[in-house]
2 protein chains.
Amino acid sequence: MPGSSPRAGDRPDDSLIAADRTLRQFSGYTMKRAFHVIQSDLNAALAPLGLRMLSFSALVVVVDNPGLRQSQLAEVLAIERPNLVLVIDELERAGLICRNPSPDDRRAYALDPTEEGRALCGTAIHAVQEHEDRVARALAEPERQALIAALLRIETPEEGETSDG
Amino acid sequence: MPGSSPRAGDRPDDSLIAADRTLRQFSGYTMKRAFHVIQSDLNAALAPLGLRMLSFSALVVVVDNPGLRQSQLAEVLAIERPNLVLVIDELERAGLICRNPSPDDRRAYALDPTEEGRALCGTAIHAVQEHEDRVARALAEPERQALIAALLRIETPEEGETSDG
DNA sequence: AAACTTAGTTATACCTTATAACCATTATGG
DNA sequence: CCATAATGGTTATAAGGTATAACTAAGTTT
């Protein structure tokens with residue numbers, strides 16, 4: 001058990017270092033904590049550029065896929081359409097992307113990056129890469145790649161990739 | 001680049017499957033998506049018990065460390081003290097834990113699980129374990145353990161564990 | 001042409017996290 | 001010993017992320 005004495009409140013704080021031992025066996029708990037650390041660091045890295053994790057992601061996908069529609073972007077980012085609206089508003093107000101009329105469909109917008117958007121996107125990717133380098137310092141490179149691969153498989157379970165089960 | 005034709009909006013949706021290729025190289029993005037999947041599944045598993053990820057975590061730590069104080073619990077769970085108050089309220093109202101007066105300090109509460117709390121905690125751990133088994137089906141067991149180890153190191157970077165850099 | 005669907009939007013609600021400020025109590029230090 | 005500081009718990013508040021229903025305008029189907 002976590003500590004030896006019966007009442008945790010009486011023990012010095014040191015004896016609580018493994019107080020979440022039971023939870024640590026669950027990937028969800030550990031992932032939540034790791035993600036929180038990463039997200040904070042990432043947002044801090046992006047804040048000087050006026051971006052957050054979400055707006056950064058949206059910007060990158062628009063730069064890589066100019067002309068795509070909002071619903072497509074929402075699907076790519078795996079977020080709901082209504083939640084994308086404010087993100088696009090924000091990027092548009094910042095002059096990084098613009099909503100152009102779609103030639104095919106008068107309901108839809110074709111999202112395109114501006115020159116500024118492309119430029120800031122490059123800067124932001126460098127900032128995020130520096131953050132990623134901090135992750136890489138905690139892990140050996142093959143380990144980092146294995147981590148990403150494992151996360152990907154959790155997100156999209158493929159048949160045939162299972163273990164001994 | 002993601003697609004071949006210049007305008008993403010004109011291409012079939014299939015050509016957008018790798019539209020987030022740039023982002024995928026960053027662990028933060030992939031972790032966010034994987035965590036979202038895990039968290040949804042986990043919360044769905046806990047909802048029938050009247051628990052969420054956070055209240056479950058708090059309950060488990062209280063059961064494992066009876067008598068600890070709220071501030072200690074907050075530190076163990078790495079959340080701010082004010083944010084714990086409602087969680088404790090919720091668990092107390094559900095009759096799973098209770099705030100007992102601390103013998104040492106009249107300001108503090110000693111958190112203790114009730115019998116019901118202990119029982120539900122066991123049930124909940126089983127439910128979460130079943131969820132974890134779903135993760136385990138996507139990964140080989142050594143891979144799952146490597147994942148948890150990697151996440152832990154991201155959360156708490158230790159010196160000397162670095163790669164080639 | 002009527003009915004259905006889709007693109008984008010608005011409004012709303014809930015959860016999580018963060019901060020400042022407060023009260024009661026305990027600890028510190030002249 | 002009393003003034004000051006620090007701590008435990010609380011309240012209020014704000015911001016971010018996510019989810020759903022409902023609306024409009026435009027496109028699609030039959």
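Order of the sequence lines fixes the chain letters, A, B, ..., with proteins taken first and strands second; residue numbering starts at 1 for each chain. Treat the numbers as computed from the prediction; the structure is a model and nothing was measured.
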Set out, in order, the CA-CA distance, both residues' side-chain angles and the distance that settles side chain to side chain donor-acceptor pair (under 3.5 Å) for A:E155 and B:T30, then state yes or no. CA-CA 8 Å; A:E155 183 191 335; B:T30 303; 5.8 Å; no

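Looking at A:Q72, its side chain does come within 3.5 Å of a backbone N or O of A:R69 through a donor-acceptor pair. Although no hydrogens or angles enter the test, the distance criterion places no donor-acceptor pair under 3.5 Å between the side chain of A:Q39 and the main chain of A:H36.
For D:dA25, neither phosphate oxygen OP1 nor OP2 lies less than 4.0 angstrom from any side-chain nitrogen or oxygen of A:R106. The side chain of A:K32 contributes an N or O atom lying less than 4.0 Å from OP1 or OP2 of C:dT17. An OP1 or OP2 oxygen of C:dT9 is reached within less than 4.0 angstrom by a side-chain nitrogen or oxygen of A:Q70. The phosphate of D:dG17 (OP1 or OP2) has no side-chain N or O of A:H36 nearer than 4.0 angstrom. Proximity of B:R107 to the phosphate of C:dC22: no side-chain N or O atom is located under 4.0 Å from OP1 or OP2.
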Which atom pairs, donor and acceptor, lie under 3.5 Å between side-chain atoms of residues 84-95 of chain B and protein residues at least two apart or in another chain?
from  : atom 1 : to    : atom 2 : distance (Å)
B:D89 : OD1    : B:R99 : NH2    : 2.0
B:E90 : OE1    : B:R52 : NH2    : 2.4
B:E90 : OE2    : B:R52 : NH2    : 3.3
B:E92 : OE1    : B:R99 : NE     : 3.1
B:E92 : OE1    : B:R99 : NH2    : 3.4
B:E92 : OE2    : B:R99 : N      : 3.1

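Toward the 5' end of DNA chain C, the nearer of the two residues A:S40 and A:I88, judged by each one's closest nucleotide, is A:I88. Taking the nucleotide of DNA chain D with the nearest heavy atom to each of B:A108 and B:N83, the more 5' of the two is matched to B:A108. Of the two residues near DNA chain D, B:S71 and A:P82, the one whose nearest nucleotide lies more 5' is B:S71.
Taking atom CZ of residue B:F35 and atom C1' of nucleotide D:dG16, one finds them 14 Å apart after rounding to whole Å. One atom, OH of A:Y109, and another, C1' of D:dA25, lie 11 Å apart when rounded to the nearest Å. Summarising the geometry, the separation between CD on B:E80 and C1' on D:dT7 is reported as 15 Å, rounded to the nearest angstrom.
Which of D:dG17, D:dT18, C:dG8 sits closest to the side chain of A:I79 comes down to D:dT18. For A:R52, taking side-chain heavy atoms from C-beta onward, the closest of the listed nucleotides C:dA20, D:dG8, D:dG16 is D:dG16.
Among the heavy atoms of the strands lying under 4.0 Å from B:D105 are primed sugar atoms or P, OP1, OP2 only; no base atom is included.
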